[in-house]
Amino acid sequence: MENRSSDKVKVARIIAMKGHPGTGKTTLARCLASSLQVPLIDKDDVRDSTYSLSTTTPQPLLNDLSYDVAFNIAATQLRLGLSVVIDSPLSRRAHLERLVRLAASVGARLVVVECKPRDEAEWRQRLENRGRSWHKPSTWRELEKLVEGYDGCTDYDVGDVPRVVVDTTASADVEDIASSVMEFIAASCGGF
């Protein structure tokens with residue numbers, strides 16, 4: 001068996017995406033995971049699999065379950081020495097705190113990539129053009145109601161966790177945005 005340990009990252013990274021629905025998190029997360037050749041763990045993949053439970057199980061419980069599964073899968077990858085990109089809204093500080101504990105438990109470094117589109121009209125158009133989903137907002141009003149339900153908890157201080165905020169409606173293409181994010185990660189987390 002060929003020894004590929006030299007191909008592995010010396011210290012695993014958790015690249016945690018953050019932002020409201022439709023902000024471009026998934027597009028950027030996919031580009032980052034592909035460029036870095038690391039696993040992408042998408043909370044929505046888990047959430048999509050809970051559809052059969054959606055009529056009998058409270059939605060907040062299904063959302064919490066989705067985070068649990070995504071973070072447990074991430075833990076397995078990290079224990080293998082692999083970095084991961086986690087695609088989720090990271091809408092509550094409790095989610096970040098859980099990732100901080102996970103990073104500490106496996107000796108990984110955590111960085112937050114927050115997607116905040118400056119052009120609200122472009123963001124709105126993207127959200128409304130992406131199609132219907134049983135658990136994601138597909139209209140601007142549905143998004144507004146979701147954000148109102150967060151009651152401001154999405155805008156929290158990430159403490160000493162390195163964080164980069166990107167405008168996903170900027171004129172740059174996703175590869176350029178991903179490149180600048182990777183430069184930030186390398187500078188703040190000791191390279192890749």
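For clarity, every value in this text was computed on a predicted model and none was experimentally measured.
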- Please check if the side chain of Ser35 supplies one atom and the backbone of Leu32 the other of a donor-acceptor pair under 3.5 Å. no
- Query: Would Leu90 and Val165 show up in the same hydrophobic cluster when neighbours are defined by side-chain heavy atoms closer than 4.5 Å?
  - Reply: no
- Task: May I ask you to decide if Asp176's main-chain N or O and Asp173's side chain share a donor-acceptor pair within less than 3.5 Å?
- Result: yes
- Message: Among Asp167, Val166, Val113, exactly one meets side chain to side chain contact (heavy atoms under 4.5 Å, CB included) together with Ile177. Which residue is that?
- Response: Val166
- Message: I'd like to know if Arg124 and Glu120 make a salt bridge, using a cut-off of under 4.0 Å between side-chain N and carboxylate O.
- Response: no
- Item | side chain to side chain contact (heavy atoms under 4.5 Å, CB included) evaluation trace for Cys115 with Leu28 | CA-CA 9 Å; Cys115 297; Leu28 181 55; 4.0 Å; yes
- Query: What's the shortest heavy-atom distance between Ala74 and Ile86, and which atoms?
  - Reply: CB-CD1, 3.7 Å
- Of all pairs that satisfy salt bridge (Lys or Arg N to Asp or Glu O under 4.0 Å), the ones with a partner from residues 61-73, not counting sequence neighbours: Asp68-Arg98
- Given Ile15 and Leu36, is the side chain to side chain contact (heavy atoms under 4.5 Å, CB included) satisfied, shown in steps? CA-CA 11 Å; Ile15 302 165; Leu36 297 169; 3.5 Å; yes
- Query: Can you list the steps and then say if Leu110 with Val100 is a side chain to side chain contact (heavy atoms under 4.5 Å, CB included)?
  - Reply: CA-CA 7 Å; Leu110 172 62; Val100 168; 3.7 Å; yes
- May I ask you to test the Val85-Met17 pair for a side-chain heavy-atom distance under 4.5 Å? yes
- Task: Give, for atom OG of Ser83 and atom CD1 of Ile185, the distance between the pair rounded to the nearest 0.5 Å.
- Result: 9.0 Å
- Backbone of Asp157 reached by a side-chain donor or acceptor of Arg93 within 3.5 Å: yes
- Query: Got Tyr156 and Lys18 here, is their nearest side-chain heavy-atom distance under 4.5 Å?
  - Reply: yes
- Taking side chain as C-beta onward, heavy atoms only, is Arg126 less than 4.5 Å from Thr168? yes
- Tell me, with the steps shown, if Arg47 and Asn63 meet side chain to side chain contact (heavy atoms under 4.5 Å, CB included). CA-CA 7 Å; Arg47 184 81 161 122; Asn63 196 54; 4.1 Å; yes
- Please examine the side chains of Val84 and Leu78, heavy atoms only from C-beta on, and report whether any two atoms are closer than 4.5 Å. yes
- Item | Qualifying residues under ring-ring contact (aromatic ring centres under 6.0 Å, His included), relative to Phe71, sequence neighbours excluded | Tyr67
- Give every residue pair that meets the side-chain hydrogen bond (donor to acceptor under 3.5 Å, both in side chains) criterion with at least one member in residues 23-32, sequence neighbours excluded. Thr26-Asp87
- Query: More than 12 foreign heavy atoms under 6.0 Å from CZ of Arg141: is that the case here?
  - Reply: yes
- List in chain and number order the residues that pass salt bridge (Lys or Arg N to Asp or Glu O under 4.0 Å) with Arg163, two or more places apart in sequence or in another chain; answer none if no residue qualifies. Glu114
- Task: Applying salt bridge (Lys or Arg N to Asp or Glu O under 4.0 Å), name anything that partners Glu183, two or more places apart in sequence or on another chain.
- Result: none
- Test item: Pro89 and Lys43 side chains (from C-beta on) under 4.5 Å apart, heavy atoms: yes
- All salt bridge (Lys or Arg N to Asp or Glu O under 4.0 Å) counterparts of Glu175, not counting sequence neighbours: none
- Message: Any side-chain to backbone donor/acceptor pair from Ser34 onto Cys31? Under 3.5 Å, distance only.
- Response: no
